[in-house]
Amino acid sequence: MEKSKICLILLTISLFASSTYAKNKLSAVTATADLADFVRNIGGDKVEVVSLSVGNQDLHAVEPRPSMVMKVKKAGLLVRVGMDIDLWMQGVIEASRNKNVMRDAKGYLDASLNIHKLEVPEGKIDASMGDIHIYGNPHYLYGPENAAPILKAIKSKLSELSPENKEYFQENCNEYSGRLGNKINEWKAKMEPFKGMKIVTYHNSWPYFAKMFDLKVAGCIEPKPGIPPSPAHINDLVEKMRSENVKTIIIEPYYNVSVAESIAKKAGAKVVVLPPSVGGVKGVDTYIDLFDYNVNKLVESLR
Amino acid sequence: MRADIFFAMHRHEGRLEPELCEAYVSFLKLVDGFSLKTGKIHVDFGKINKIHQHERPYMDQPAVITNFLGGHGLVGEGANLSYLLPLPFFLQLDAGAWQIPAHEHEPEETGVTGLTGTDGSPIGEILVPGECGNEFGFGNEAATARIWSSFSLGNMSELEFGLSGAKGNGSHYTHHQDEAEVSGADITLKFWPSTFKRIISQNEFLKLKRTVPVGELNRQGFYCYLGYQANKYWETGVRYDSAENAFPVLEETNSVSLVVTNKLTETTKIRLQYAHSLETDINTGYLQLVFGIGPHTHPLQ
């Protein structure tokens, strides 16, 4: 047979094989790029995953778009952050009419289910408390120690949806958990000299990060969640930073960095801009990249 | 299945009264691609009609919506069936059947007036009520349909467009036996240069055909809104309205509105709006406070 015919046949077979293989992949959609990275690491080449938000977005403020509906429509698995931080997803899920990923369906996963939640409000909750989240602080992905129960939940869900790949998912989960666990130890070791150090943050989104590295959040630029700072609050914060020797303000890049810099200047502190999620800055393409970047940048600033 | 109820306090004829804005049950898990909503609903017609006032980027309702669909927009009791087509892009069909309360007329307000065509030439005479303000709409039974598509132009932008139609008895059917048809086209472009910055251009064009025994009346109107969200807390916008009325004596209103919104929290905002009528030179100011107790979900808009 001529070489060109053989090549054509082989090409046709490979195209057919790849398209068939692609069709056998489970389609997953997640609320954030962090969760997408988890699914990707556990799902491997058996899962195609896409995130509805990108790493430089504030999850509170993501605007749902009809084009997101098409991603959810074909998904076999949907993973949410939960705790009311991604309520915008609800309209998208309903518009997709995808029964498989609606609440309590087989393909629906709330990643917050088994994590240890911080700052769960008790007693009376009302609007005077700002944009408070009634289920607790939802920024748990800022603390890599929360990843273990999430990875386990994703592995279980993928195994339920694709039981023939159960062992594959288990192997991937073990490998990634081990790798992440080693990195957590590495990050803790780097941050060890700064244990007990006080920081200020813009929004109250860093308690899980602070808990992991034993940092103390002395205050927030927002007087209450979602409320912009008043001049009086800024003055009080500057005084507090001076009296308690707080030298670092951590802020996500989408908040008003100039306000943070102004406060830092008055208080004799430094501002450290840290991305909150995978893809938040160029080169931060995975969850491990994210904390490599954040820990290294913070260490450099705290020295 | 999901149930939603929205109450409001509205001022009618100088009195503040409670009103049921919407109350409906949604069946989300019908046969592939289909969903059904039934109850009292802001009908899926055009772009702005189904959006609650507190969610709109301006305080008042565009004049063309009031003039052709009513002071509260097109709101009916009935059912809407939606179908998301099995295509690689977003394309949704909606079809609804509604029962809509007609306007009431005082018997002593009836009279006779001349009906004129769009060129001003007389067509005949019809029975009309007394002063009804500038709002028209549907009454008794009406059917609606909408086709809506949307494309992502990249991570940072989205283009939506739609065509809508409504047909039924006019809101003054008891006295006029008028059949009304409203058709509309809408186009919305959104652009997000960064996390909290957004530019939106939202435009709707509506045509009304009102058929009475003695003839036909054709009217049209549109609005164009351009909004800019500068950061997490501040949003501004400008809207141009041009709308003909739905009554035999043709009147056209044109106005420009400027809007500034300060988002105090995720769910609470204060808004200042200024409107200038180009015909009458009248200037109007509005102050709106939207107070939210907690975050809640909204259907995809």
Of the backbone (N, CA, C, O) and the side chain (C-beta and beyond), which part of L159(B) lies under 4.5 Å from a heavy atom of chain A, both, or neither? neither
Between E222(A) and K232(B), does any NZ, NE, NH1 or NH2 come within less than 4.0 Å of an OD or OE carboxylate oxygen? yes
For K40(B), look at atom NZ and say whether over 12 heavy atoms of other residues, nucleotides or ligands are found less than 6.0 Å away. yes
Segment of L264(B) engaging chain A (4.5 angstrom heavy-atom cut-off): backbone
Flag yes if more than 12 heavy atoms outside F89(B) fall under 6.0 Å of its CZ atom; otherwise flag no. yes
So, the part of S194(B) with a heavy atom under 4.5 Å from chain A: the answer is neither
Kindly give the heavy-atom pair with the smallest separation between F196(B) and A61(A), and that separation in Å. CE2-CB, 3.6 Å
Non-hydrogen side-chain atoms of L84(B) and K73(A) separated by less than 4.5 Å: yes
Please find the pair of heavy atoms, one from W148(B) and one from P66(A), that lie closest to each other, and give the distance. CZ2-CG, 3.9 Å
K99(A) side chain near D32(B) side chain, heavy-atom distance below 4.5 Å: yes
Cut-off 4.5 Å, heavy atoms of chain B, and the answer for K74(A) is neither
Max heavy-atom pairs within cutoff under 4.5 Å with chain A, candidates P88(B), G33(B), S26(B), P86(B), goes to G33(B)
Proximity breakdown for S157(B) and chain A, heavy-atom pairs closer than 4.5 Å: backbone
Would you call S152(B) and R65(A) a side-chain contact if the rule is heavy atoms closer than 4.5 Å? yes
Quick check against the 3.5 Å criterion: does E158(B) have a side-chain atom that pairs as donor or acceptor with the backbone of S67(A)? yes
Does NZ in K167(B) sit with more than 12 non-hydrogen atoms of other residues, nucleotides or ligands closer than 6.0 Å? no
Polar side chain donor-acceptor pair, R2(B) to Q90(A), under 3.5 angstrom: no
Going by heavy atoms in the side chains, are F34(B) and R97(A) under 4.5 Å from each other? no
How about NZ on K269(B), more than 12 heavy atoms from neighbouring residues, nucleotides or ligands closer than 6.0 Å, or not? yes
Roughly how far apart are M70(A) CE and F151(B) CZ, rounded to 0.5 Å? 10.0 Å
Given heavy-atom pairs under 4.5 angstrom as the criterion, report whether the side chain, backbone, both or neither of F27(B) touches chain A. neither
T195(B) side chain to N56(A) backbone, donor-acceptor under 3.5 Å: yes
